[in-house]
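Everything below concerns the one structure shown next.
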Amino acid sequence: MDLPSTSSQSTLQTIAVVGLGTMGTGIAEVLARAGREVIGIDISEAATRRATAALAAATARSVARGRIGEQEREAVLSRLRTYTELSAAADADLVIEVVPEDYELKHRIFTELDAVVRPDTILATGTNALSVTRLAAESQRPERVLGLHFFNPAPAMKLVEVVSSVLTAPPAVEAVTALARELGKEPVSVGDRPGFVADGLLFGYLNQAAAMYESKYASREDIDAAMRLGCGLPMGPLALLDLIGVDTARTVLEAMYAASGDRLHAPAPILGHLAEAGLTGQKSGRGFYTYEEPGSAAVVRDAQTPLDGARLGEGRPVSSVGVAGSGTMASGIAQVFAQAGYEVVLAARSQEKAEAAKAAIGKSLGRAVAKGRLTQEAADETLARISPAGSLDAFAQVDLAVEAVAEDLAVKQELFATLDKVCKPGAVLATTTSSLPVIACARATSRPQDVIGMHFFNPAPAMKLVEVVRTVLTSDDVHATVREVCTKVRKHPVDCGDRAGFIVNALLFPYLNNAIKMVEEHYASLDDIDAAMKLGGGYPMGPFELLDVVGLDVSLAIEKVLHKEFRDPGLAPSPLLEHLVAAGCLGRKTGRGFREYARR
């Protein structure tokens, strides 16, 4: 059979969209605006009316904002015609199906379309969880069936995943890829597996976040704040589950688990409980959060909402802070405390190292002055509050001691044993570890009740998040002290228990590890995976960009800690990651990681 050939201009001019829910309506808008003749089909006349009204409203907003003229608006509106019968697709060059994620429903539609459309018409499914290959195999012409996965909201989101089965003819793929580019989208070519690239990585992460909440390890607000502030994500995972739909997420995860057998994809029980209770998220008015009404995005207070301004009890007074270390993290933390008005002792292994760390802070403050973020007077006052020291003995009178030395348990335990001897009674002792057990540091002292985790994020002056990590021995007033101090230094504290990865790393690094496994399995390229997560997931960096920035050795160390603690086979570090680290390819700092970088 003949399929559309590609050229600089796609031959797909008349396109049917089957299913006029939110996604179908959005796709219809994109197509109509791009000059395509759009046949909108839905069994519900109400849905067809809503789709027409939505396009009218969207184009009216464009006119009001001066983006298009009234004449162009009328042309766009005229290009959408709606019907309630599949027979209306008879003259379409391409049919895009976006009905609910139910295989039998999709199969029935494809079977009916087989009897209606021309032999050269391409049939595309918008599924993100069901088998494109199975739909193709059960079609009369499997070579013209593929997946075309847009992201919600379709008019705004740039990513389109073009999904080929082993049966799909290359000209069909080329035709829809050309179309996606003409629509102003970024197409990535992927194979047929549940979730494809973006959702395949995203839903595993969302599932782990749901399980973390279900285990009562952290509150929904703290989990969401941690991932927004610690990773720069536009939404926290639990809020995103509510937006996607808890039932939809469960369906996608069930399909992923059936295909992979990976326990990380086995839907967290809470997803099933919420879905079966009808608490499916924003669309029902309640999911992980409670909303003003069904369909609203406005969160309202419920029984789980923290009380405004609730105090944890009286903390200990803190006016002076000791920071141990001379690296980037230690310098950044010292700067944060000094800018907030605290007297800071910055101790390193030698006076020279401490002086160099203070000089680095001076340069950082200078950059802030140059950018207009700080006055010269404020910078000078901040620097004057920092006293460099070549020994921890200088911590004798500090109220809070924060260590930011090498991520090595033996080194930290030795340091805490010294702090125990040097610091005055009642001083709070904090570790900035990101992966080691805080209790192991605490047990190196005679006062484990005074020890807590304060996990700052790099660069400390810019990043707003601090994970506050209590051990089973941390006293209530120490916890209250650190929460209060975080607020005074303008950081957002989130509470979590003393287990590997805390919140952020426990959710972030399995996602990064799964991205590496996709490359190992030759499923998608580095560039396509990075593009998919930035364009489809709203991530500020793709996983491989982030891995190279963090350092592959750091990433491997954290993966090993997570695997050792949770004993889940799905958390085992990717062999490719281990091989790159063994070869000395550690990322930007060595000039080569997953990509190569110019030497500075």
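In this chain, numbering begins with 1 at the start of the sequence shown.
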Open item on the list: Determine whether a donor-acceptor pair (N or O, by modelled atom type, separation under 3.5 Å) exists between the side chain of E293 and the backbone of G295.
Closed with: no

Open item on the list: If you define the side chain from C-beta out and look only at heavy atoms, does anything of L12 sit under 4.5 Å from I122?
Closed with: yes

Open item on the list: Check R592 with D548, please: is the shortest side-chain N to carboxylate O separation under 4.0 Å?
Closed with: no

Task: Flag, side chain of T121 to backbone of A92, donor-acceptor distance under 3.5 Å - done: yes

Task: Stepwise salt bridge (Lys or Arg N to Asp or Glu O under 4.0 Å) test for K589 and D553 - done: CA-CA 11 Å; K589 59 190 173 186; D553 51 339; 2.8 Å; yes

Open item on the list: Please report the interatomic distance CD(E29) to CZ(R79), rounded to the nearest 0.5 Å.
Closed with: 12.0 Å

- [ ] Determine whether V252 and P194 make a side-chain contact, defined as any pair of heavy atoms from C-beta on separated by less than 4.5 Å.
- [x] no

TODO: For the pair D199 (side chain) and N128 (backbone), establish whether a donor and an acceptor sit closer than 3.5 Å, ignoring hydrogens and angles.
DONE: no

Task: Lys/Arg-Asp/Glu bridge criterion (N-O < 4.0 Å) met for D247, K283 - done: yes

Task: Backbone of L135 reached by a side-chain donor or acceptor of E138 within 3.5 Å - done: no

Open item on the list: Taking R250 first and then E276, would you say they form a salt bridge - that is, a charged N and a carboxylate O separated by under 4.0 Å?
Closed with: yes

Open item on the list: Taking atom CD as the centre, does E70 end up with more than 12 heavy-atom neighbours from other residues, nucleotides or ligands that are less than 6.0 angstrom away?
Closed with: yes

Open item on the list: Side chains of L201 and I529, heavy atoms from C-beta outward: is any pair under 4.5 Å?
Closed with: yes

Task: Stacked cation flag R193 on Y523, 6.0 angstrom / 45 deg - done: yes

Task: Atom of L577, atom of S555 and distance for their closest heavy-atom approach - done: CD2-C, 4.4 Å

Task: Taking every non-hydrogen atom, the tightest pair across A531 and V188 - done: CB-CG1, 4.4 Å

Open item on the list: Looking at R108 and E104, is there a salt bridge between them, counting it only when a charged N and a carboxylate O are closer than 4.0 Å?
Closed with: no

Task: Main-chain N/O of G587 paired with T590 side-chain donor or acceptor, under 3.5 Å - done: yes

Open item on the list: Would you say that more than 12 heavy atoms from the other residues, nucleotides or ligands in this model lie under 6.0 Å from the CG of D91, or not?
Closed with: no

Open item on the list: Could you report the tightest heavy-atom contact between D527 and R595, atom names first, then the distance?
Closed with: OD1-NH2, 2.8 Å

TODO: With R144 as reference, evaluate D120, D114, D93 under the salt bridge (charged side-chain N to carboxylate O under 4.0 Å, His left out) test and give the passing residue.
DONE: D114

TODO: Could you walk me through whether K560 and E578 pass side chain to side chain contact (heavy atoms under 4.5 Å, CB included), step by step?
DONE: CA-CA 10 Å; K560 285 181 173 178; E578 294 188 297; 3.9 Å; yes

Open item on the list: Counting C-beta onward and ignoring hydrogens, is there a side-chain heavy-atom pair between S165 and L146 closer than 4.5 Å?
Closed with: no

Task: Nearest heavy atoms of P187 and K185, plus distance in Å - done: CD-O, 3.4 Å

- [ ] Evaluate the side chain to side chain contact (heavy atoms under 4.5 Å, CB included) criterion for residues F151 and E161: first the C-alpha distance (whole Å), next the side-chain angles of each, then the deciding distance (0.1 Å), finally the verdict.
- [x] CA-CA 9 Å; F151 287 73; E161 290 175 318; 3.6 Å; yes

- [ ] Show your working on side chain to side chain contact (heavy atoms under 4.5 Å, CB included) between V18 and I109 and close with a plain yes or no.
- [x] CA-CA 9 Å; V18 180; I109 286 171; 4.3 Å; yes

Open item on the list: Check this for me: does any side-chain nitrogen of one of E186 and R181 sit under 4.0 Å from a carboxylate oxygen of the other?
Closed with: no

- [ ] Report the distance from atom CD1 of I39 to atom CG of L86, rounding to the nearest 0.5 Å.
- [x] 11.0 Å

TODO: Measure the shortest side-chain to side-chain distance between V162 and V173 over non-hydrogen atoms and say whether it is less than 4.5 angstrom.
DONE: yes

- [ ] Count the heavy atoms belonging to other residues, nucleotides or ligands that lie under 6.0 Å from CZ of R220, then report whether that count exceeds 12.
- [x] yes

Open item on the list: Taking atom CD1 as the centre, does I43 end up with more than 12 heavy-atom neighbours from other residues, nucleotides or ligands that are less than 6.0 angstrom away?
Closed with: no

- [ ] Please report the C-alpha distance between E37 and R81 in whole Å, then the side-chain angles of each, then the deciding distance to 0.1 Å, and finally whether the side chain to side chain contact (heavy atoms under 4.5 Å, CB included) criterion is met.
- [x] CA-CA 8 Å; E37 294 297 321; R81 292 165 288 149; 4.1 Å; yes

Open item on the list: Has T125 got a side-chain atom pairing as donor or acceptor with G147's backbone, closer than 3.5 angstrom?
Closed with: no

Task: Heavy-atom side-chain proximity of L264 to L571 below 4.5 angstrom - done: yes

Open item on the list: Can you give me the closest heavy-atom contact between G230 and M463, atom names plus distance?
Closed with: O-CE, 3.5 Å

Open item on the list: Are the side chains of V581 and L586 in contact, using a 4.5 Å heavy-atom criterion?
Closed with: yes

- [ ] Return yes if some donor-acceptor pair links the side-chain N/O of R36 with the main-chain N/O of A34 below 3.5 Å, else return no.
- [x] yes

TODO: State the OG-CD1 distance between S87 and I41, to the nearest 0.5 angstrom.
DONE: 7.5 Å

Let me have the donor-acceptor pairs involving side chains of residues 504-514, under 3.5 Å, with sequence neighbours excluded, atom names and distances please.
from	atom 1	to	atom 2	distance (Å)
N505	ND2	S434	O	3.4
N513	OD1	S574	N	2.9
N513	ND2	A572	O	2.9
N514	ND2	P510	O	3.3

- [ ] Calculate, to the nearest 0.5 Å, the distance between atoms CG and CG belonging to D42 and L20 respectively.
- [x] 5.0 Å

- [ ] Look up atom CG in D224 and atom CG in L238, then write down how far apart they are to the nearest 0.5 Å.
- [x] 4.5 Å

TODO: List the steps, then state whether side chain to side chain donor-acceptor pair (under 3.5 Å) holds for S62 with R33.
DONE: CA-CA 11 Å; S62 295; R33 284 180 181 267; 3.0 Å; yes

Open item on the list: Would you say CZ of R118 has more than 12 non-hydrogen atoms from neighbouring residues, nucleotides or ligands within 6.0 angstrom?
Closed with: yes

Open item on the list: To the closest 0.5 Å, what do you measure between CD (Q282) and CD1 (I244)?
Closed with: 10.5 Å

Task: Lys/Arg-Asp/Glu bridge criterion (N-O < 4.0 Å) met for K106, E101 - done: yes

Which atom pairs, one a donor and one an acceptor, fall under 3.5 Å between side chains of residues 45-61 and the rest of the protein, sequence neighbours left out?
from	atom 1	to	atom 2	distance (Å)
T48	OG1	E45	O	2.6
T52	OG1	T48	O	3.1
T59	OG1	L55	O	2.8
T59	OG1	A56	O	3.0
T59	OG1	R73	NE	3.0

Open item on the list: Does D242 form a side chain to side chain donor-acceptor pair (under 3.5 Å) with Y291? I'd like the steps, not just the answer.
Closed with: CA-CA 10 Å; D242 276 356; Y291 300 88; 2.7 Å; yes

Task: F288 side chain near V246 side chain, heavy-atom distance below 4.5 Å - done: yes

Task: Closest heavy-atom pair and its distance - D192, T133 - done: OD2-OG1, 2.5 Å

Open item on the list: Just checking K517: does its NZ atom have more than 12 heavy atoms from other residues, nucleotides or ligands closer to it than 6.0 angstrom?
Closed with: yes

Open item on the list: For the backbone of T168 and the side chain of E143, can you confirm whether one donor and one acceptor N or O come within less than 3.5 Å of each other?
Closed with: no

